[in-house]
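See below for the structure under consideration.
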Amino acid sequence: MKTERTRTKGERIFDGVVGAPGIAIGPAHVSEAGALQVPEYEIAADSMAAEIKRFEAALERSQNQLSKLKTKSLALPDATAEELGYLLDAHLLMLTGSRLVRGVKETITNKRINAEAAVQMAISEVARGFESLPDAYMAARADDVREVGARLIRNLTDTPFQAFAHLPPGTIIVAEELSPADAALIDPEIVAGFATVLGGKEGHTAIMARSFGLPAIFGVAGLLGGVKSGETVIVDGAAGRIIVDPRPETLKDYGSRQRTLERERRQLGRLIDLPAETSDGVTVRLQANLELPREVDSALSVGAEGVGLLRTEFMFMNRDTPPGEDEQYESLAALIAAMGGRPITIRTLDVGGEKLAYSLGEHLGDPVNPALGLRAIRLSLKHVKLFEAQLAAILRAGAHGPVRILLPMIAGSGEIRQSREILTRVIKRLKRRGVPIADPIPPLGVMIEVPGAALAADALAAHVDFFAIGTNDLTMYTLAIDRADEQVAHLYNPLHPGVLRLIQFATQAGMRARIPVSVCGEMAGDPRYTALLLGLGMRELSMAAPSLPRVKQRIRQIDMTAATMRAEIIMSQADSGRIAALLDDFNGLA
Ligand code: PEP
Ligand code: MG
């Protein structure tokens, strides 16, 4: 991990892993691990009884939810049901006359504060007690206490999972870790950037930061002890640096850099009406990746031709139960309407691995190795009802505008066959119900992101309508490097010849089968790689919306014949350092 701490007359500098570019300056908010952000206010003496009643109602709701989850868990395989049963029992126990419950009631009465704040205090106290125990098993119970507390708070506020909602605008979040689900709660109107101790550049949280246009850095050791809430900090995303309590000269310098970046952004904005066409007239299709529906505006504002990857995980995060068919349909239909006839490639659920969704906890179980476990299509094929509901929602939404269905983490043709069978069944069922659905039936494509799928791309191409190459996972699985682990972030390298050969083979296989091929991993949004991807034959790229103008600018500088020749030279190289040098030379950087 590249981390160091430097002192320069008062200001403290911490270096970590580059996350999302840009500069953010603002007050720090140091987020305690696992703590939810809750409002705290005083309760009038005559409202105290009502406040305790409100807490008791939330307690009862939480107990009911846990009991329901327990009933559902009985349908799981024996070992999982047993393990989950123990956990849910432990949670239920914490909500029945426990120290936690007593502590909350006492705090409401003695401190005269609202129930949410009292729960937050009680959780911190009880969790700290557990953490201080020498027994590792008991210490780990602190997480259970926090989880139970979070449920109580969600039921109290009735506006579930509202982390970071009460911070002043311009805040910079400093945390041990932010999960993709946490990141989904970040409102860019409030949060200006963030820095964390854990996490890597290619992790999903980093992808979301880039997508929201929020400067972010990861893997900053010693960060939490080095900054206090309220202190001014500068996050320099491109440099992977955070400066705490900056000197006036530093602030001035970064203020002017911020203005320069803004000027550049405005200049790039002028490209919106120009075609994404190389200097020798080859057109490239540029689309946006969406993490959350609210990003539609930024996709349209940069001139995206469509959505090349809609990550549907957002619908399943930060809630207690998964959404049903109708809710998913409404969400997708709204998105399709907002895109005004531009096509949307909707990827089916890709939770598991680092992308966890609380609502699916019982489906995911407790994998030995999450990245290699029940993730993405594997989860959908195991929990067919979940998959059917999602496919039905996509088909119904497809009646309102052009969509394609994309399956994540496909490894072999068996998964495609099973998925098609389920799709056919869902279509029949919807037709029987007389519900309007997409006509014609949307194309069905697969992510090429597992090395085995890339190597078998010629065989897979016969079974699908399009390929979307996911370079993030393809790099991770090919090189056996966890994309979200800051300790190995420096080893993650999409220019490794092994990764490039897989991309090339899959692209050529798709082209031979005459099916559309795109890249929707992070490589697509980095102008450093544009010439190489085009040189390998790629004509469709999908990326975080803020990256699109720069990639378009790069495309307009490229001569396709020269890029193809340079790609050929690059593909004959064995060393990734040499490949990087040849590419940077072509890009005019070296
Ligand atoms: C990828 O793996 O490249 C990809 C686009 O999918 P995700 O980042 O959502 O795993
Ligand atoms: Mg992926």
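We count ligands from 1, going down the list as the structure has it; atoms in each ligand are counted the same way. All values below were derived from every heavy atom in this structure, side-chain atoms included, with hydrogens, water molecules and symmetry-related copies excluded.
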Next on the checklist: Does either side chain, that of Glu176 or that of Thr196, offer a donor lying less than 3.5 Å from an acceptor on the other one?
Outcome noted: no

Item to check | Glu313 and His204: side chain donor to acceptor below 3.5 Å | outcome: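 Glu313 vs His204: no donor-acceptor pair found between side chains.
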
Checklist entry - Tell me, which protein N/O/S atoms are under 2.8 Å away from the Mg ion (ligand 2)? => result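 Glu449 OE1, Asp473 OD2, with waters left out.
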
Checklist entry - Val302: what forms a side-chain contact (heavy atoms from CB on, under 4.5 Å) with it, not counting sequence neighbours? => result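 Once residues adjacent in sequence are excluded, the partners of Val302 under the side-chain contact (heavy atoms from CB on, under 4.5 Å) criterion are Ala545, Leu548, Pro549.
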
Next on the checklist: If you count every heavy atom of other residues, nucleotides or ligands that lies below 6.0 Å from Arg566 atom CZ, does the total exceed 12?
Outcome noted: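 Buried by this count: over 12 neighbours within 6.0 Å.
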
Next on the checklist: Is any side-chain heavy atom of Pro402 closer than 4.5 Å to one of Ile344?
Outcome noted: no

Next on the checklist: Can you list every protein residue that has a heavy atom under 4.0 Å from any atom of ligand 1, sorted by chain and residue number?
Outcome noted: His204, Ile207, Leu309, Arg311, Arg347, Asp350, Lys355, Arg375, Met447, Glu449, Gly470, Thr471, Asn472, Asp473, Arg483, Cys520, Gly521

Checklist entry - If you draw the axis of the six-membered ring of Phe14, does the NZ or CZ of Arg241 fall within 45° of it and under 6.0 Å from the ring centre? => result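 Pair Arg241/Phe14 does not count as cation-pi.
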
Checklist entry - Distance under 6.0 Å and angle within 45° of the ring axis: does Arg294 meet both against Phe212? => result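 Positive - Arg294 is close enough to the ring of Phe212 and near enough to its axis.
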
Item to check | Lys/Arg-Asp/Glu bridge criterion (N-O < 4.0 Å) met for Arg347, Asp350 | outcome: yes

Item to check | salt bridge (Lys or Arg N to Asp or Glu O under 4.0 Å) partners for Arg554, two or more places apart | outcome: none

